[in-house]
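Here is the structure we will look at.
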Number of protein chains: 2
Amino acid sequence: MNRTAQHLVSHNIKPSAQRIAIMKYLMEHPTHPSVDKIYCDLLPDMPTLSRTTVYNTLRVLEENDALITLNIDSKNVRYDGNVMPHAHFMCRSCGKIYDTALPEGILKEIPGMETFQIDAIKLYYKGLCQECQEKENNNKE
Amino acid sequence: MNRTAQHLVSHNIKPSAQRIAIMKYLMEHPTHPSVDKIYCDLLPDMPTLSRTTVYNTLRVLEENDALITLNIDSKNVRYDGNVMPHAHFMCRSCGKIYDTALPEGILKEIPGMETFQIDAIKLYYKGLCQECQEKENNNKE
DNA sequence: TACAATGTTGTAATGATTACATATATGATT
DNA sequence: AATCATATATGTAATCATTACAACATTGTA
Ligand SMILES: [Mn+2]
Ligand SMILES: [Mn+2]
Ligand SMILES: [Zn+2]
Ligand SMILES: [Zn+2]
């Protein structure tokens, strides 16, 4: 059993060929891909893969905490195999999603809301990445 | 011109009857309603209102910073007439969305990512509100 | 009034996601 | 190996939020 399969087993997920391929893809591509990106990229090596299987598998992975979902992009859900707590920045020009650090202390509590039971924290930043800032400046000249 | 119309004008939005009604609804209902909630609640008093108008108006309001959009609920976009920086908690059981304070310092910078230009920050918490925690406990007994 | 510009409405199209029925794979038991 | 039960994968159709678009209405101005 390979590394990815063991990873799935450690999350109580039975490792099928499709599940291994999708989990492996997420671990090797920390780019926060959409369902369609995953599907289209895997299709050449898995010609029988179904879009439904990608949806099903991503749901299984999420239910067993093997990935997190990002709703930073209002058009598509994005998926992230990195389940360590971290925040995300999305560039409104190029669309890239970058990992960023979660500010210290944010995991502790919600000020004034101690009675809430918190299961998940999502911190999203939106704006312009450095490359796109430079492009905008060049266009102005 | 009433208070709501003046509010729209101050955001460079021409105040039509529909825009006033929708903006007023958002200011009087800090419940982070969905498009359909707004549409269905306004319909009795505005029988000719179109769902498209609600969509169009909400886009105009957002483009002119008269509201913010929340993607905390993956099913529907939610709208918030309170544009002061604040965070949100959504209960996975009852679906209510609560306002919470934004932790101090979070507006300052992204640690290690000073080169990014940040236009918006969204901080979402998910979990169980107090009422739903109690309900779950009662069901266990 | 005439006219142009802006805003509204209803319907149709889009596109992501889900439901569902069928097919395939897996794993245990005989 | 053959049987059987269960889990997983596939393809198609349905759902549903959102957007596109064209026709209609309103507003303001000359
Ligand atoms: Mn990430
Ligand atoms: Mn709010
Ligand atoms: Zn960029
Ligand atoms: Zn609740």
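The sequence lines fix the lettering, A, B, ..., with proteins before strands; numbering per chain opens at 1.
- As rounded to whole Å, 18 Å separates atom P of dA13(C) from atom OH of Y55(B).
- Contact annotation: S50(B) side-chain N/O to dT8(C) OP1/OP2 distance is not under 4.0 Å.
- Counting only N and O atoms by type, the side chains of D65(A) and H11(A) include no donor and acceptor under 3.5 Å apart.
- Note on S34(A): nothing from the nucleic acid sits closer than 4.0 angstrom, heavy atoms only.
- The nearest whole Å value for the distance from the CG atom in N56(A) to the P atom in dA21(C) is 15 Å.
- With distances taken from any side-chain atom of V77(A) to the nucleotides dT17(C), dT19(D), dT10(D), the minimum falls on dT17(C).
- What separates CZ of R59(A) from P of dT10(D) is a distance of 14 Å, to the nearest Å.
- To the nearest angstrom, C1' of dA9(D) lies 10 Å from CZ of R19(A).
- Checking dG7(C), dT10(D), dT18(D) against the side-chain heavy atoms of K14(B) singles out dG7(C) as nearest.
- Side-chain contact, Q117(A) with D119(A): a donor N or O sits under 3.5 Å from an acceptor N or O.
- Two rings, from Y98(B) and F116(A), have their centers less than 6.0 Å apart.
- Aromatic rings of Y55(A) and Y39(A) (six-membered ring for Trp) have centroids beyond the 6.0 Å cut-off, not under it.
- Checked by atom type, the side-chain pair D80(B)/H86(B) shows a donor-acceptor distance below 3.5 Å.
- Relative to the side chain of S16(B), the nucleotides dA9(D), dT19(D), dT8(C) differ in distance, and dT8(C) lies closest.
- Summarising the geometry, the separation between CG on N76(B) and C1' on dT17(C) is reported as 13 Å, rounded to the nearest angstrom.
- Contact check, T52(B) against dT8(C): no side-chain N or O comes under 4.0 Å of OP1 or OP2.
- At whole-Å resolution of the value, CD in Q18(B) and P in dT8(C) are 4 Å apart.
- Distance L49(B) CG to dG7(C) C1': 13 Å, rounded to the nearest Å.
- Checked against dT18(C), dT19(D), dT10(D), the side chain of K75(B) finds its nearest nucleotide in dT18(C).
- Per the geometry, OH belonging to Y39(B) stands 10 Å off C1' belonging to dT9(C), to the nearest Å.
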